[in-house]
Asks: 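Have a look at the structure that comes next, please.
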Amino acid sequence: MRTTVSVIKADVGSVAGHHRPHAKMLEYARKKLTEAEESGLIKSFYVYHVGDDIGLVMTHDKGENNSEIHGLAWETFKEITEKVSKPLKLYGAGQDLLSDAFSGNVRGMGPGVAELEFEERKSDPIIVFAADKTEPGAWNLPLYRMFADPFNTAGLVIDPTLHDGFIFEIMDLVEGKTVKLKAPEESYDILGLLGTPGRYAVSRIYRAKDMEPAAAASTDRLSLIAGRYVGKDDPVLIVRCQSGFPAVGEVLAPFAVPHLVAGWMRGSHNGPLMPVSFRKASVVSFFDGPPRVIAMGWQIADGRLVGVDGVEPADLFDDPAWDYSRDLAMKIAVYMRTMGEIMPARLEPAEMEYTTLPKILDKLKERFQAVQK
Ligand code: F6R
Ligand code: MG
Ligand code: MG
């Protein structure tokens with residue numbers, strides 16, 4: 001039986017600046033998706049938020065890039081904007097909806113999308129990660145560790161079903177091209193690309209021995225779509241786990257030491273990616289951050305999400321083990337802030353092209369004088 005998990009997310013407004021959505025927005029999304037579930041379009045769903053982003057996790061049998069599923073998400077975000085965000089004058093109402101002309105697919109229109117279609121196994125655990133205040137390349141480091149680093153994933157060494165390695169599909173976000181590279185044989189080439197997360201981001205991962213899909217990430221960069229800064233992309237990631245894929249514990253382990261990602265305040269700073277519980281702490285508050293990630297765990301059974309109570313997912317970073325990482329993230333965050341607007345705390349010029357930097361350079365053009373030899 002083939003099942004598709006679609007995660008479609010957008011920031012369509014929030015309370016108290018760019019912090020978190022209003023409860024009525026989440027309620028509206030649940031109402032819309034309940035109707036879609038009752039009509040048989042989707043089989044199950046879960047609505048979450050991380051920081052100011054709302055995410056719709058939907059399971060169905062329509063495959064990836066299905067216009068009805070994308071249409072449902074688009075309509076949901078549009079209606080939330082018109083019926084909740086705008087009347088309440090929420091901040092950034094409709095921010096991520098960059099076009100009015102929906103033509104069957106939300107890709108390239110603002111919302112972020114990750115979708116994975118697969119043949120259901122006897123038992124199929126998945127994790128959906130969602131981040132706020134960062135970009136798709138933020139997954140590069142953890143995905144490499146999960147699927148290519150034997151110091152993280154013991155199964156690569158120990159489990160014969162993982163031993164052949166994984167294929168990384170990497171997207172050039174500027175050129176809109178992808179390349180498939182195999183780990184471990186091409187690890188150094190993979191790392192060569194993943195080291196530039198603003199340009200190259202992992203879009204999918206397959207198990208090498210049978211090309212079974214293992215992971216899918218959203219790769220939409222809002223600034224490249226809009227041609228200006230409109231908010232950070234805030235990516236999502238779906239990972240299949242266990243029995244021939246990395247174990248849940250191996251998939252979560254890379255987040256123990258918060259790595260620096262681009263985004264944070266005004267999408268213009270490097271900051272640590274802090275793993276948080278979505279029930280307790282997915283509100284961004286320190287310098288609009290620090291950037292954060294939540295991890296939602298489910299089983300997929302007969303095309304439906306099975307969580308710890310109905311569709312309510314396991315809150316995988318809600319464990320005292322992650323207090324250490326959160327503490328470390330805050331230490332790194334405060335340290336990075338001591339550098340103010342000096343690189344590498346601030347992003348490099350190429351990443352700042354849609355902000356004031358070109359205008360400053362333009363204004364000062366006439367005042368630059370040649371150095372006397
Ligand atoms: C980052 C983000 C915020 C805003 C910042 C300024 O993705 O959403 O950090 O960039 O709060 O927002 P404006 O320009 O709306 O006042
Ligand atoms: Mg926002
Ligand atoms: Mg956001």
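All ligand and atom numbering here is 1-based and tracks the order in the structure.
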Asks: Looking at the rings of Y48 and F278, which for Trp means the six-membered one, are their centres under 6.0 Å apart?
Replies: no
Asks: Check R304 with E37, please: is the shortest side-chain N to carboxylate O separation under 4.0 Å?
Replies: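 No.
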Asks: Below 4.0 angstrom from a heavy atom of W264, which ligand 1 atoms are there? Numbered from 1 as shown, please.
Replies: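 In order of numbering, the contacting atoms are 1 (C), 9 (O).
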Asks: Has D11 got an N, O or S atom lying less than 2.8 Å from the Mg ion (ligand 3)?
Replies: no
Asks: I want to know if ligand 1 touches D52 in the polar sense, i.e. an N/O pair below 3.5 angstrom.
Replies: no
Asks: Hey, what's the angle at the Mg ion (ligand 2) spanning OD2 (D52) and ND1 (H18), nearest 10 degrees?
Replies: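 Between OD2 of D52 and ND1 of H18, at the Mg ion (ligand 2), the angle is about 100°.
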Asks: Any idea how F147 and F168 line up, ring-wise: parallel (<30°), tilted (30 to 60°), or perpendicular (>60°)?
Replies: perpendicular
Asks: Is the closest basic N to carboxylate O distance between D61 and R2 below 4.0 Å?
Replies: no
Asks: Backbone, side chain, both or neither: what part of Y91 comes under 4.0 angstrom of ligand 1, heavy atoms only?
Replies: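 For Y91, only side-chain atoms sit under 4.0 Å from ligand 1.
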Asks: Do D362 and K359 meet the salt-bridge criterion of a basic N to acidic O distance under 4.0 Å?
Replies: no
Asks: Report the atom name of the nearest N/O/S atom of D234 relative to the Mg ion (ligand 3).
Replies: OD2
Asks: Should one rank E135, H269, R266 by closest heavy-atom distance to atom 10 (O) of ligand 1, which comes out on top?
Replies: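 Residue with the shortest heavy-atom distance to the ligand atom: R266.
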Asks: Please give the atom name: the N, O or S atom of D132 nearest to the Mg ion (ligand 3).
Replies: OD1
Asks: CG/D11 to CG/D52 distance, rounded to the nearest 0.5 angstrom?
Replies: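 With rounding to 0.5 Å, CG (D11) is 4.0 Å from CG (D52).
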Asks: Output yes when E79 and K32 qualify as a salt bridge under the 4.0 Å nitrogen-oxygen rule, no when they do not.
Replies: yes
Asks: Checking Q242 side chain against V248 main chain: does a donor-acceptor pair fall under 3.5 Å?
Replies: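 Here the side-chain-to-backbone pair exists.
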Asks: Among the N/O/S atoms of D53, select the one at the shortest distance from the Mg ion (ligand 3) and name it.
Replies: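 Of all N, O or S atoms in D53, the Mg ion (ligand 3) lies closest to OD1.
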Asks: For ligand 1, note which part of M265 has a heavy atom under 4.0 Å away: side chain, backbone, both or neither.
Replies: both
Asks: Show me which atoms of ligand 1 lie under 4.0 Å from any heavy atom of D288.
Replies: 3 (C), 4 (C), 5 (C), 9 (O), 11 (O)
